[in-house]
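To start, the structure under review is shown below, and the notes come after it.
Every value quoted in this text rests on a predicted model; they were computed, and no experiment measured them. Both counts, for ligands and for their atoms, begin at 1 and track the order of listing.
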Amino acid sequence: MLRFDILTLFPAMVQAVLEQSIPRIAAEQGAVEYHLHNFRDFAEGVHQAVDDRPYGGGAGMVLKPEPVFKCIRHVLPQAEQQPHMVLLTPQGRPFTQRVAEELAAKPRILMLCGRYEGFDERIRLGWQWDEISIGDYVLSGGELAALVITDAVVRLLPGVLGDEASADEESFGKGLGGKLIEYPHYTRPVEFEGMRVPEVLQSGHHGEIAKWRLEQARKRTKERRPDLLDDE
Ligand code: 6GU
């Protein structure tokens with residue numbers, strides 16, 4: 001069982017996604033537990049401020065260290081295992097299917113979702129963080145990134161997807177060598193608006209079908225993502 005502790009100022013936003021589809025099924029199966037924590041609950045004063053103006057001036061606000069430290073210290077002892085600590089930030093290492101596989105092997109993951117222009121640097125220094133970004137663009141906060149990561153991780157846990165092999169066969173999955181995007185899929189009807197299902201897929205020759213799919217995956221990758229073929 002993988003335990004997620006997600007620290008966010010918008011727990012309802014995170015909750016709404018985790019209670020749908022695969023993330024929900026993963027929890028119902030007991031493969032994962034989600035624990036959401038609002039670090040505003042740990043902020044002081046009538047306004048419970050979690051942000052403040054940056055020392056040195058400049059635009060935007062900075063996440064204060066105290067509520068985050070208090071919340072983390074409250075959450076850490078809630079389970080036996082020391083969590084793998086993930087800081088969601090566009091400054092982090094790029095998230096990939098390989099990183100999802102790494103995280104899926106952990107027993108416990110704590111994710112801190114930032115808002116505002118940045119984190120007080122003391123938050124970074126307080127713990128050993130795995131800083132992760134989901135791409136080179138700026139989101140308004142770490143929540144959507146945390147959800148992207150959670151979704152990509154929980155679907156890799158044993159028994160979550162109906163067919164154990166199905167994650168392997170996907171784009172970036174192990175079945176295609178981890179470096180190809182997927183081949184085309186077809187279902188019934190065999191002809192739709194003049195477009196037919198390729199004969200080979202109807203042939204029942206598993207060897208020929210596997211060969212066709214690999215060819216198609218290579219062709220698609222070369223056309224759409226030649227960068228995936230370059231590296232290595
Ligand atoms: Cl992890 N956070 C934010 N705020 N923006 C991002 C991101 C994370 N990854 C890409 N853009």
Side-chain angles (χ1 to χ4, degrees), residues 2-18 20-23 26 32 34-43 48-56 58-69 71-72 75-76 83-106 108-157 171-172 181 224-225 227-228 231:
L2 168 54
R3 174 184 169 120
F4 280 95
D5 288 285
I6 305 176
L7 279 59
T8 169
L9 295 170
F10 298 91
M13 173 181 175
V14 175
Q15 181 75 38
V17 174
L18 297 182
Q20 303 287 336
S21 187
I22 299 290
V32 67
Y34 311 114
H35 297 265
L36 306 186
H37 312 277
N38 189 341
F39 52 89
R40 191 180 297 281
D41 298 340
F42 298 83
Q48 291 194 290
V50 291
D51 60 325
D52 205 343
R53 291 149 56 217
Y55 271 108
M61 299 290 271
V62 175
L63 207 56
K64 290 164 66 64
E66 304 95 316
V68 171
F69 270 69
C71 184
I72 291 174
V75 167
L76 286 180
H84 180 75
M85 311 249 310
V86 173
L87 187 67
L88 283 324
T89 164
Q91 302 178 22
R93 64 173 173 145
F95 186 64
T96 63
Q97 191 65 29
R98 300 292 88 79
V99 176
E101 287 162 7
E102 245 179 70
L103 298 181
K106 308 283 183 195
R108 187 182 179 194
I109 296 169
L110 180 152
M111 297 200 282
L112 175 58
C113 305
R115 285 265 151 180
Y116 315 112
E117 301 339 293
F119 305 91
D120 184 287
E121 193 63 18
R122 273 83 52 100
I123 295 170
R124 282 210 165 78
L125 301 173
W127 286 273
Q128 194 88 297
W129 294 101
D130 181 5
E131 299 193 21
I132 299 181
S133 163
I134 63 161
D136 292 338
Y137 41 80
V138 179
L139 300 169
S140 314
E143 285 77 10
L144 291 170
L147 288 166
V148 163
I149 291 170
T150 303
D151 184 280
V153 168
V154 302
R155 61 202 304 292
L156 294 176
L157 299 175
S171 298
F172 310 112
I181 56 176
R224 301 182 186 200
R225 294 294 307 276
D227 57 300
L228 294 176
D231 60 44

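- A salt bridge is absent between Glu66 and Arg40; no separation between the charged side-chain nitrogens and carboxylate oxygens falls under 4.0 Å.
- A centroid separation of 6.0 Å or more is found between the aromatic rings of Phe119 and Trp129.
- For Asp51, the side chain to side chain contact (heavy atoms under 4.5 Å, CB included) test picks out Met61, Tyr116, with sequence neighbours left out.
- For Asp5, the salt bridge (Lys or Arg N to Asp or Glu O under 4.0 Å) partners two or more places apart in sequence, or in a different chain, are Arg3, Arg108.
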Taking a 3.5 Å cut-off between nitrogen or oxygen atoms, can you list every pair linking ligand 1 to the protein, with distances?
| residue | atom | partner | partner atom | Å |
| --- | --- | --- | --- | --- |
| ligand 1 | 4 (N) | Leu139 | O | 3.2 |
| ligand 1 | 5 (N) | Leu139 | N | 3.1 |
| ligand 1 | 9 (N) | Ser133 | OG | 3.4 |
| ligand 1 | 9 (N) | Ile134 | N | 3.0 |
| ligand 1 | 11 (N) | Tyr137 | O | 2.6 |

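- Annotation: salt bridge (Lys or Arg N to Asp or Glu O under 4.0 Å) contacts of Arg53 (sequence neighbours excluded): none.
- Between the side chains of Thr89 and Glu131, not a single donor N or O lies within less than 3.5 Å of an accepting N or O.
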